[in-house]
K.L.:
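Just dropping this structure here.
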Amino acid sequence: MRRASRPAFSCSRPGSLLMATYSPSEIEARWQAAWDEAGIFRATRSADKPKYYVLEMFPYPSGRIHMGHVRNYTMGDVIARYKMSTGHNVLHPMGWDAFGMPAENAAMAIGGHPKTWTYGNIADMRGQMKPLGLSIDWSREFATCDPEYYGQQQALFLDMLEAGLVYRKNAQVNWDPVDMTVLANEQVIDGKGWRSGADVERRELTQWFFKISDMAGELKEALDGLENWPAKVRLMQENWIGESRGIDIPFVRTDGNGTILCYSTRPDTMRGASFVAVSPDHPVAKALEAENPDLAAFIDECRRMDTTEAAMEKAEKKGMDTGLRVKHPVYPDQELPVWIGNFVLMDYGTGAVFGCPAHDQRDLDFARKYDLDVRNAFYMPGDEVEVENDALVPAKTEKVVFIDHFAGVREVTSQEAIDATIDWFEARDLGKGQKKYRLRDWGLSRQRYWGCPIPVVHCDDCGVVPEKKENLPVVLPDDVSFDIPGNPLDRHPTWRDVPCPSCGKPAKRETDTMDTFVDSSWYFARFTAPRAETPTDLGDAAYWMNVDQYIGGIEHAILHLLYSRFFARAMRITGHLPASAIEPFDALFTQGMVTHEIYQTRDTKGRPVYHLPEDVTDGKLADGSEVEIIPSAKMSKSKKNVVDPLGIIASYGADTARWFVLSDSPPERDVEWTASGAEAAYKHLTRVHTISDRIAEMDKDAPGTGDDDLLRAMHKTIHDVTMGVESFGFNAAIAKLYGFTATLQKSKAGFAAQRAAVMTLAQLMAPMTPHLSEDIWAQQGGVGLVTTAPWPKADEAMLVSDTVTLPIQINGKRRGEITVPADMDKAEVEKLSLATDAVQKALDGGSPKKVIVVPGRIVNVVV
RNA sequence: GCGGGCGUGAUGGAAUGGUAGACAUAUCAGACUUAAAAUCUGAAGGGGUUCGCCCCGUGUGGGUUCGAGUCCCACCGCCCGCACCA
């Protein structure tokens, strides 16, 4: 990255607070030291001011900050600093999401210990973040791998265990064969592990689960109250929770062995039911497996086919007739065959469905394959044809014509028919309306070392015994090796073998650790009292919670945010959070990424070769070869399009980096990093600095012209920038600041007005460029620190001018303008407008059909 | 398949239903300079022009409205989420 040249002149004045050149490295270090000394970012409870908790999603300590961090934390910092200057008691903490596989992978690849690697990275990243000048209360910093943190997490786990929010079960789990651990459903993406990308296998293991599914309904309902969350995120969570309303209907077996309970969201199609299909894991299937070798072979085939999620999605629909028959619940003289279907999921609904081929494509394909009946339950109005190879599945809001419907409906929408059918079944006690959810319980066991140990002991006599709280934290052992695949805790006898907390006999610790998403599901609450001897301090939590503004990437829209919402509820139940905090994040903002072009050449075999941005000048490499430019994409090491914040800060300063990542693009969208954009940001800051120097040297008494214009522009800018910051319109606020800077630069106003203008400019810029703003504030003799100075207030009287220029439209097209006193009444404006040349020309002697006058806005003449 | 979002100059993007293209980049011209850089001043959607202005223009086609980038309908394109969910 080329360094922008500095202005050549340099006039140092004796006694001046500033050098004439803008020197960010000097300014930034100085003001950061001043903030530290004043301790202004240290948060303490106070009854005098309203509290404001602003939080950015804490980083994983990979070892290096990237531009995405800079953008994320700068946005939070703008909010935090703005709130501080508007009289709020601000909490703005930072920590480290420090457990996880990369530390183990590093230990395997380069040797050493995950702990050394992680804490080393944290130290490095803290050192890289501090120069950004963020208004963070570093006294609250913690890492999730600190025993003080994960010990409290273990205490929380034990409380949740006692409250029945955690349980152990034998379950089919998603097994990642590369990371050699299980994954939550949420961590399986397109059948592949979210981290390793490996095809996920099915395995049966005994695992710990959080009972999140019990709260599915509430987690869904409460989304409506999250008005300050992006609609998109609420919708994604709603889809993920996946509520459906249907009915459980028992089908009576003809062999007298009870019923098979089927779940359906379309009981209105009951007339077309032609078979029942159960999951290969259904108790009915399992019972038959023992006595019927053919079925056993088929079930076995289903299980083997189930090895990968990816294969499952593409797998052919297969089934086998069990020979069992059930009675149709509405038409008891009809009997339906019971099949085992490989497509029926045991863990959704009841693990059994009735098939209605006419109105479900999958059922139809299945019926055609195995020659089962296809009967319509309804037709489209005026189109009474039987289904052939395309199932008739109209929207539930469309009207259809039912055939001999047992509940008596005829031409109604499917939804109306569903409601009527459920009523009909319930009235006869033949079935029960149900809401079901797609959301499953959250499996938290991981067969890894570098995570929070699950604090239980397995005893032959007592079973699963919770560790005693006074024995917490259960600390990870340091003497482990990673030369053999699998979990080192499993083969660590001195750590693993402990006496049973209950009976004292030799027992074994649980060697699984917790999913790292557990760590990040309550850290926001811990920040309110990071050194407390319990997971939280209720007084502190009640004061600081909720997070008023949470900021992070859209990639956490489901996992992290849903788990956190669950944890807040669990922490309320276990007494660690007040009821008011069950929705922990009042407002959520999802910011876009920082992207960059990719520079590519090709090797002799035509394969792409990528080049670092700093190696490319004017589209060429140092050796003069042309570089192909591929449009902007997420910065990634493999594409070599990463711009390192450290280099930018070294060349231009933190203020420039902060200013740039906020300008140009709306914060929720991606912003493209460009070298020219960064230079523009730097130039702007230099310009502001130069203006302040110039004003500092002005003759204090010389009269100027246009004071009023400058002050009006100033108040307009205060108004616009305040609106921009309040509404996350940082890019728009920055545009206004550019405009005002240009106005100030050209102004011929007197000293007092110019000084007021530049000090206001410094204040308005302070959330984005705090260091430069402090320097200007000091140079102009501002009281105290700009960071703690009260936010400027726009004078309403200065926002309205005496005269306004109104555009005149003729038939909606702009044809002229008119300047009138701002308070002129409508009739007078109309009269003057009609007298203009443009209107006279258009009227051509006639009279207008209509004249619309919008005061202060526009005049439209219809001819 | 289901659900959601987005289409504006060369580029990133502005526009509570009221002057489309703010601001920035890239570009061009001028000032300063021996020169370049930096800095400053200015131009710039497309087309036409008798230099007064005029016509066209926010993916495409319709609609509502005095007035639509903005609201409604349909289509096209791109992006994102979910998906054997009964």
K.L.:
If you measure from the Lys or Arg side-chain nitrogens to the Asp or Glu carboxylate oxygens, is any gap between Asp837(A) and Lys841(A) under 4.0 Å?
P.N.:
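Here Asp837(A) does not pair with Lys841(A) in a salt bridge, since their nearest N and O are not under 4.0 Å apart.
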K.L.:
From the list rU19(B), rG81(B), rG4(B), which nucleotide is the closest neighbour of the side chain of Pro807(A)?
P.N.:
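In terms of side-chain proximity for Pro807(A), the closest of rU19(B), rG81(B), rG4(B) is rU19(B).
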K.L.:
Please identify each residue that fulfils side-chain hydrogen bond (donor to acceptor under 3.5 Å, both in side chains) with Arg245(A), with sequence neighbours left out.
P.N.:
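Partners of Arg245(A) under the side-chain hydrogen bond (donor to acceptor under 3.5 Å, both in side chains) test: Asp419(A).
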K.L.:
For Trp229(A), check ring-ring contact (aromatic ring centres under 6.0 Å, His included) against everything at least two apart and list the hits.
P.N.:
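ring-ring contact (aromatic ring centres under 6.0 Å, His included) check on Trp229(A) returns nothing, list empty.
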K.L.:
Starting at the 5' end of RNA chain B, which residue's closest nucleotide do you reach first, Lys232(A) or Val353(A)?
P.N.:
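Here Lys232(A) is the residue nearer the 5' end.
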K.L.:
On the 0 to 90° scale, with breaks at 30° and 60°, tag the Phe730(A)-Phe728(A) ring pair as parallel, tilted or perpendicular.
P.N.:
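Answer is tilted, since the angle falls between 30° and 60°.
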K.L.:
When you measure from the centre of the six-membered ring of Tyr263(A), is the NZ or CZ of Lys436(A) closer than 6.0 Å and no more than 45° off the axis?
P.N.:
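Yes, Lys436(A) lies over the aromatic ring of Tyr263(A).
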K.L.:
So, does Arg857(A) get its side chain near the phosphate of rU16(B), meaning an N or O under 4.0 Å from OP1 or OP2?
P.N.:
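Answer is no, no contact under 4.0 Å.
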K.L.:
When the ring planes of Phe251(A) and Phe354(A) are compared, do they come out parallel, tilted or perpendicular, using 30° and 60° as the limits?
P.N.:
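Tilted: the ring planes of Phe251(A) and Phe354(A) meet at 30° to 60°.
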K.L.:
Test of understanding: with ring-ring contact (aromatic ring centres under 6.0 Å, His included), list the residues that count as partners of His282(A), not counting sequence neighbours.
P.N.:
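Partners of His282(A) by the ring-ring contact (aromatic ring centres under 6.0 Å, His included) criterion come out as none, since no residue qualifies.
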K.L.:
With sugar-phosphate meaning primed atoms plus P, OP1 and OP2, does Tyr348(A) contact a base, only sugar-phosphate, or nothing at under 4.0 Å between heavy atoms?
P.N.:
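Answer is base: heavy atoms of Tyr348(A) come under 4.0 Å of a base.
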K.L.:
Along nucleotides 51-72 of chain B, 5' to 3', which nucleotides get a B, which get an S, and which get a -, given that the test is a protein heavy-atom distance under 4.0 Å?
P.N.:
---SS----------BS-----
K.L.:
In which ranges does RNA chain B form stems of 3 or more consecutive Watson-Crick or G-U pairs, distances under 3.5 Å?
P.N.:
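Stem segments, range with range: B:1-7 with B:76-82, B:10-12 with B:23-25, B:27-31 with B:39-43, B:45-48 with B:53-56, B:59-63 with B:71-75.
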K.L.:
Under the side-chain hydrogen bond (donor to acceptor under 3.5 Å, both in side chains) test, which residues partner Ser213(A), sequence neighbours left out?
P.N.:
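Per chain and number, Ser213(A) pairs via side-chain hydrogen bond (donor to acceptor under 3.5 Å, both in side chains) with Asp441(A).
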K.L.:
According to the salt bridge (charged side-chain N to carboxylate O under 4.0 Å, His left out) rule, which pairs have a member within residues 337-361 of chain A, sequence neighbours left out?
P.N.:
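Those involving residues 337-361 of chain A are Asp347(A)-Arg440(A).
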K.L.:
Mind telling me whether rG52(B) is syn or anti, cutoff 90° either side of 0?
P.N.:
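Syn, which is what one calls it when the glycosidic angle falls within 90° of 0.
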K.L.:
Side chain of Tyr738(A) only, please: which of rG81(B), rA24(B), rA86(B) is the nearest?
P.N.:
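Among rG81(B), rA24(B), rA86(B), the one nearest the side chain of Tyr738(A) is rA24(B).
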K.L.:
Look at all strands and tell whether Ser264(A) reaches a base, only sugar-phosphate, or nothing, counting heavy atoms closer than 4.0 Å.
P.N.:
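Contact class for Ser264(A): sugar-phosphate only.
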K.L.:
What residues form a side-chain hydrogen bond (donor to acceptor under 3.5 Å, both in side chains) with Glu817(A), not counting sequence neighbours?
P.N.:
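Counting only residues at least two positions away or on another chain, Glu817(A) forms a side-chain hydrogen bond (donor to acceptor under 3.5 Å, both in side chains) with Arg814(A).
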K.L.:
Kindly point out which of rA86(B), rG81(B), rG4(B) is positioned nearest to the side chain of Tyr263(A)?
P.N.:
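Closest of the options to the side chain of Tyr263(A): rA86(B).
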K.L.:
Enumerate all atom pairs, one protein N or O and one N or O from nucleotides 40-42 of chain B, separated by less than 3.5 Å.
P.N.:
unit_1: rC40(B); atom_1: OP1; unit_2: Arg687(A); atom_2: NE; d: 3.1
unit_1: rC40(B); atom_1: OP1; unit_2: Gln745(A); atom_2: NE2; d: 3.3

K.L.:
Can you pull the salt bridge (charged side-chain N to carboxylate O under 4.0 Å, His left out) pairs that have at least one residue in residues 263-277 of chain A, sequence neighbours excluded?
P.N.:
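Listed once each, the pairs are Arg266(A)-Asp268(A), Arg271(A)-Asp404(A).
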K.L.:
Give every pair of a protein N or O atom and an N or O atom of nucleotides 10-13 of chain B that lie under 3.5 Å apart, one pair per line with the distance.
P.N.:
unit_1: rG12(B); atom_1: O2'; unit_2: Ser665(A); atom_2: OG; d: 3.0

K.L.:
Which pairs, with at least one residue in residues 849-863 of chain A and sequence neighbours excluded, count as a salt bridge (charged side-chain N to carboxylate O under 4.0 Å, His left out)?
P.N.:
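Sorted result for residues 849-863 of chain A: empty, none.
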K.L.:
Which way is the base of rG69(B) turned, syn or anti, if we draw the line at 90° from 0?
P.N.:
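Here rG69(B) takes the anti form, which means its glycosidic angle is more than 90° from 0.
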